Colleague: 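Structure below; questions to follow.
Quantities reported herein were computed from a predicted structural model and do not represent experimental measurements.
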Amino acid sequence: MTADRPLARQDLPIDTTCLARYLIGKKLVRTLPEGVAAGRIVETEAYVIGDAAGHAFRGMTARNRSLFLERGHAYVYVAYGRSDMLNVSSESAGIGAGVLIRALEPLEGIAFMQRNRGVDRLRDLARGPGRLAAALRIDRSLDGLDLCRAGPLWLGDDEREPGDIGRGIRIGISRDTDRPLRFYLRNNPFVSGRKSLNA
DNA sequence: AGTGCGATTGACT
DNA sequence: GTCAATCGCACTA
């Protein structure tokens, strides 16, 4: 069931908001010596050019430099000292913007994810950006990785129709809070956030 | 060199 | 529903 070929960079929309929507329904595949885990992306957020809520807002630093890579590269950072977060860089090289991957519907390697998370319930494995990273063992060592190449972590296609995509405000930020830059699969149980946000 | 703060989570009432 | 844990890193001096 796992896609065997990564998405072509050429097929990724350059625009950050378009990319965030495009990634809904695509697959995220993690390959380790221990095995393979994969899930369907069901929730994303765009952090666009000039976005006061984005990490690149004040220019390039040691932490955020991967956001400035050409679209389709991983930007991984640690939030609140405990949770790793996976982003996909967007726009052209030299422009700091990206898409936060917030939730997955687990498809493959369920036992591996359960082990990594310490919980069994399917719904809790990758619902939320920190949980997603823990389930797939994503950390800063993957920062800067090309997600359009087969390797330890990559983006794949999914034959299925994505379904009805909802759009709303982003979660957990304190600046630019009103912009509708969050995308999610409607009525999907693996999406994070309050129920009222996901109708 | 010191300070303040998160693109969250899990535990608890 | 509320709330504290926790630490890398950006920012100030």
Colleague: Can you tell me which nucleotide in dC11(C), dA7(B), dA5(C) comes closest to the side chain of Arg58(A)?
Modeller: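 When the side chain of Arg58(A) is considered, dC11(C) is the closest of dC11(C), dA7(B), dA5(C).
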Colleague: Could you check Gly172(A) against Arg131(A) and say which one's nearest nucleotide on DNA chain B is further toward the 5' end?
Modeller: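 Comparing both residues, the 5'-ward one is Gly172(A).
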Colleague: Send over the distance from Glu45(A) CD to dA7(B) P, rounded to a whole Å.
Modeller: 11 Å
Colleague: Would you indicate, yes or no, if dA7(B) has its OP1 or OP2 atom less than 4.0 angstrom from a side-chain nitrogen or oxygen of Arg182(A)?
Modeller: no
Colleague: Starting from P on dC9(C), measure out to CG on Asp84(A) and report it in whole angstrom.
Modeller: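 For the pair Asp84(A) CG and dC9(C) P, the rounded distance is 11 Å.
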Colleague: Atom CZ of Arg117(A) and atom P of dT9(B): how far apart are they, to the nearest Å?
Modeller: 8 Å
Colleague: Please give, in whole Å, the distance from dA10(C) P to Tyr77(A) OH?
Modeller: 13 Å
Colleague: Under 4.0 Å between a side-chain N or O of Arg102(A) and OP1 or OP2 of dT8(B)?
Modeller: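 Yes, because at least one side-chain N or O of Arg102(A) sits under 4.0 Å from OP1 or OP2 of dT8(B).
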Colleague: Is any side-chain nitrogen or oxygen of Ser83(A) closer than 4.0 Å to OP1 or OP2 of dT9(B)?
Modeller: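 Ser83(A) to dT9(B) OP1/OP2: no side-chain N or O under 4.0 Å.
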Colleague: Give a yes or no on whether a salt bridge exists between Asp51(A) and Arg170(A), defined as a side-chain N under 4.0 angstrom from a carboxylate O.
Modeller: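 Here Asp51(A) pairs with Arg170(A) in a salt bridge, since their nearest N and O are under 4.0 Å apart.
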Colleague: List for me each residue that meets salt bridge (Lys or Arg N to Asp or Glu O under 4.0 Å) alongside Arg63(A), sequence neighbours excluded, and say none if there are none.
Modeller: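 In terms of salt bridge (Lys or Arg N to Asp or Glu O under 4.0 Å), with neighbours along the sequence ignored, Arg63(A) is linked to no residue.
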Colleague: Under 4.0 Å: is that the gap between some side-chain N or O of Arg140(A) and OP1 or OP2 of dC9(C)?
Modeller: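 Yes, Arg140(A) has a side-chain N/O under 4.0 Å of OP1/OP2 on dC9(C).
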Colleague: Start at the 5' end of DNA chain B and walk down; is the nucleotide closest to Val78(A) or to Ser192(A) reached first?
Modeller: Val78(A)
Colleague: Looking for any heavy atom pair under 4.0 Å, which part of the strands does Arg170(A) touch: base, sugar-phosphate only, or nothing?
Modeller: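 Nothing, no nucleic acid heavy atom in range.
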Colleague: Under 4.0 Å between a Lys/Arg side-chain N and an Asp/Glu carboxylate O for Glu34(A) and Arg115(A)?
Modeller: no
Colleague: Measuring to OP1 and OP2 of dA10(C), would you say a side-chain N or O of Arg65(A) lies under 4.0 angstrom away?
Modeller: no
Colleague: What nucleotide, of dG6(B), dC11(C), dT6(C), holds the atom closest to the side chain of Ser174(A)?
Modeller: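 For Ser174(A), the side-chain atoms sit closest to dG6(B).
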Colleague: Keeping Asn64(A) on the side-chain end and His55(A) on the backbone end, is there a donor-acceptor pair under 3.5 Å?
Modeller: yes
Colleague: Does Gly81(A) or Thr61(A) map to a spot on DNA chain C nearer the 5' end, using the closest nucleotide for each?
Modeller: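 The residue whose closest nucleotide sits nearer the 5' end is Gly81(A).
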Colleague: Applying a 3.5 Å limit to both distances, which nucleotide forms a Watson-Crick or G-U wobble pair with dA7(B)?
Modeller: none
Colleague: Rounding to a whole Å, what distance do you find between Tyr80(A):OH and dG4(B):P?
Modeller: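 In whole Å, dG4(B) P and Tyr80(A) OH are 17 Å from each other.
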Colleague: If you check every side-chain atom of Arg82(A), which of dA7(B), dA5(C), dC9(C) has the closest atom?
Modeller: dA5(C)
Colleague: Determine, for Asp176(A) against Arg179(A), whether the closest basic-nitrogen to carboxylate-oxygen distance falls under 4.0 angstrom.
Modeller: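 Salt bridge present between Asp176(A) and Arg179(A).
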Colleague: Rounded to whole angstrom units, what separation is found between the CG atom of Leu100(A) and the P atom of dG6(B)?
Modeller: 16 Å
Colleague: Check every strand shown and say whether Arg175(A) touches a base, only sugar-phosphate, or nothing at a heavy-atom separation below 4.0 Å.
Modeller: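 Here Arg175(A) touches no strand at all.
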